[in-house]
Asker: 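Below is a structure I'd like to ask you about.
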There are 2 protein chains.
Amino acid sequence: MARANLTPAVVIAAAAQLADREGFDAITLSALARHFGVQTASLYSHVRDRSALLDSVQELALGELADRIAIAIGGRSQRDALTALADAHRDYARQFPGRWAALQRPAAATTVRSDAAGRLVALTLAMLRGYQLPETELVHATRLLGATINGFLALEVAGSFGHREPPADASWQRALSALDTAFRFWPTEGNH
Amino acid sequence: MARANLTPAVVIAAAAQLADREGFDAITLSALARHFGVQTASLYSHVRDRSALLDSVQELALGELADRIAIAIGGRSQRDALTALADAHRDYARQFPGRWAALQRPAAATTVRSDAAGRLVALTLAMLRGYQLPETELVHATRLLGATINGFLALEVAGSFGHREPPADASWQRALSALDTAFRFWPTEGNH
DNA sequence: GATTAAAACCTAATAGCTTTAGGTTTCTCC
DNA sequence: GGAGAAACCTAAAGCTATTAGGTTTTAATC
């Protein structure tokens, strides 16, 4: 029985690719075993269980997304940075729908504390600081931003916009304008 | 073999309750069969397959949510109506997490064309008309509203806000303020 | 009440997935 | 070469979804 020379990273990467090709739910231990030419049970040498594998794909996606955002927002501020950050999310979701779907599941504690998650939060805060929001309001703004972006992408991915007029791109621009407006007119300290 | 006197509606309602109690993924044909004291295969007399059952739970949830929104926004306009509509969503998601989760799946064509879906859209448009948005902008605004609300609730449900400061309620208020601001300052025709 | 047909139920089977326990093989180090 | 660890396999158990065909119940008609 020749060794397939698997490692956790190799298995996780294959799972991510499988998700992008066939959907997040297509990540199964049995499908991956077929892909590597080993028995399903053999994969437990490399991943604790299916749930841990999915957590790992999520963390991989967080890191990749953070990388893309870092590049996208470099040298930009306010509306430009907001657009760049949001577009990075949307491009990622469109290019890697399976990886993006992995981001929608509840995060394990280790993932919340991961380097990748920390980077993503830091980049988002950096972008928002360009709007001179009160320090105490930054978390609220971060949550709104995340909610709007992910909410929009979730609807888009679910086909809620279908092939209906107006095109989703225009709605996306409107959403970004709305966010920009909201951040520029954010109520100051004590006014809420 | 006594008849369990099942009907599609009875099965769908039980599925919805099961989802609220144990999570959306807990809706399985076998769990429902155990609940009714019949064999799993017997349920196929009442539902086409699992997917169709989940579609039906979604449509049930759409109708219930529309009912609640209709009551909540009655007699209100602008910021009040917006708050009432959004709070109806959030209250529903918190009281019926399983039903709410059913709303997140891609809608079947029959669901998109359902009475319930139509009512929900009409109610949302009615609320938005209180902002005097240009007619051509209403769909964009509807999409932004849906995205923000559902995005926020998805994050909340996923535990993204955890038990972290600041409390999610405050962030919710901020989000509603942001939406109100966005709708009041929505770019007029030709400015986007 | 008897008959008929349809619907609701059951049985059996198939196919697929996840995971555990214990056995076998491969690889690395001494 | 030997020892030990890790990676692999086999076997089994448990769960789910679904189909095909058989059995039972029910409602309608005469």
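Letters A, B, ... are given to chains in the order of the sequence lines, protein chains preceding strands, and every chain is numbered from 1. The shown structure was predicted, so the numbers you read here are calculated from the model rather than taken from an experiment.
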Asker: Give me the other members of the hydrophobic cluster that A:Ile12 sits in, counting Ile, Leu, Val, Met, Phe, Trp and Tyr linked by side-chain heavy atoms under 4.5 Å, directly or via other members.
Answerer: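 Members besides A:Ile12, by chain and number: A:Leu6, A:Val10, A:Val11, A:Leu18, A:Phe24, A:Ile27, A:Leu29, A:Leu32, A:Phe36, A:Val38, A:Leu43, A:Tyr44, A:Val47, A:Leu53, A:Leu54, A:Val57, A:Leu60.
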Asker: With sequence neighbours excluded, tell me which residues meet side-chain contact (heavy atoms from CB on, under 4.5 Å) with A:Thr181.
Answerer: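 Once residues adjacent in sequence are excluded, the partners of A:Thr181 under the side-chain contact (heavy atoms from CB on, under 4.5 Å) criterion are A:Arg184, A:Phe185, B:Thr181, B:Phe185.
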Asker: With axes from five pairs an end, tell me the bend angle of the helix from C:dG1-D:dC30 to C:dC30-D:dG1, nearest 10°.
Answerer: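 Answer for the end axes of this duplex: 0°.
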Asker: List in chain and number order the residues that pass side-chain hydrogen bond (donor to acceptor under 3.5 Å, both in side chains) with B:Asp80, two or more places apart in sequence or in another chain; answer none if no residue qualifies.
Answerer: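 Listed in chain order: nothing, the list is empty.
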Asker: Taking only residues two or more places apart in sequence or in another chain, which ones pass side-chain hydrogen bond (donor to acceptor under 3.5 Å, both in side chains) with B:Arg119?
Answerer: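 In terms of side-chain hydrogen bond (donor to acceptor under 3.5 Å, both in side chains), with neighbours along the sequence ignored, B:Arg119 is linked to B:Asp67.
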Asker: Mind listing the side-chain donor-acceptor pairs of residues 120-133 of chain B below 3.5 Å, one per line with the distance, residues two or more places apart or on another chain?
Answerer:
residue	atom	partner	partner atom	Å
B:Thr124	OG1	B:Leu120	O	2.9
B:Arg129	NH2	B:Glu135	OE2	3.1
B:Tyr131	OH	B:Arg79	N	3.4
B:Tyr131	OH	B:Asp180	OD1	2.6

Asker: Please list all pairs meeting ring pair (Phe, Tyr, Trp, His ring centres under 6.0 Å) that have one or both residues in residues 69-92 of chain A, counting only residues at least two apart or in different chains.
Answerer: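 Qualifying pairs, neighbours excluded: A:Tyr92-A:Phe96.
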Asker: Which residues in residues 98-105 of chain B have at least one heavy atom lying under 4.0 Å from any atom of DNA chain C?
Answerer: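 None, since no heavy atom is under 4.0 Å.
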Asker: What string of B, S and - do you get for nucleotides 19-30 of chain C 5' to 3' if you count protein non-hydrogen atoms under 4.0 Å?
Answerer: BB----BB----
Asker: Pull out every residue in residues 9-24 of chain A that has a heavy atom closer than 4.0 Å to any atom of DNA chain C, ordered by number, or say none.
Answerer: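 Here the set is empty: none.
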Asker: At less than 4.0 Å, is any side-chain N or O atom of A:His46 found next to OP1 or OP2 of D:dC8? Yes or no.
Answerer: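 A:His46 to D:dC8 OP1/OP2: side-chain N or O found under 4.0 Å.
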Asker: Kindly state each residue pair satisfying salt bridge (charged side-chain N to carboxylate O under 4.0 Å, His left out) with at least one member in residues 153-162 of chain B, sequence neighbours excluded.
Answerer: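 Matches after skipping sequence neighbours: B:Arg90-B:Glu156, B:Arg94-B:Glu156.
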Asker: So if I take residues 53-60 of chain A and measure heavy-atom distances to DNA chain D, which residues fall below 4.0 Å?
Answerer: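 Contacts with DNA chain D under 4.0 Å: none.
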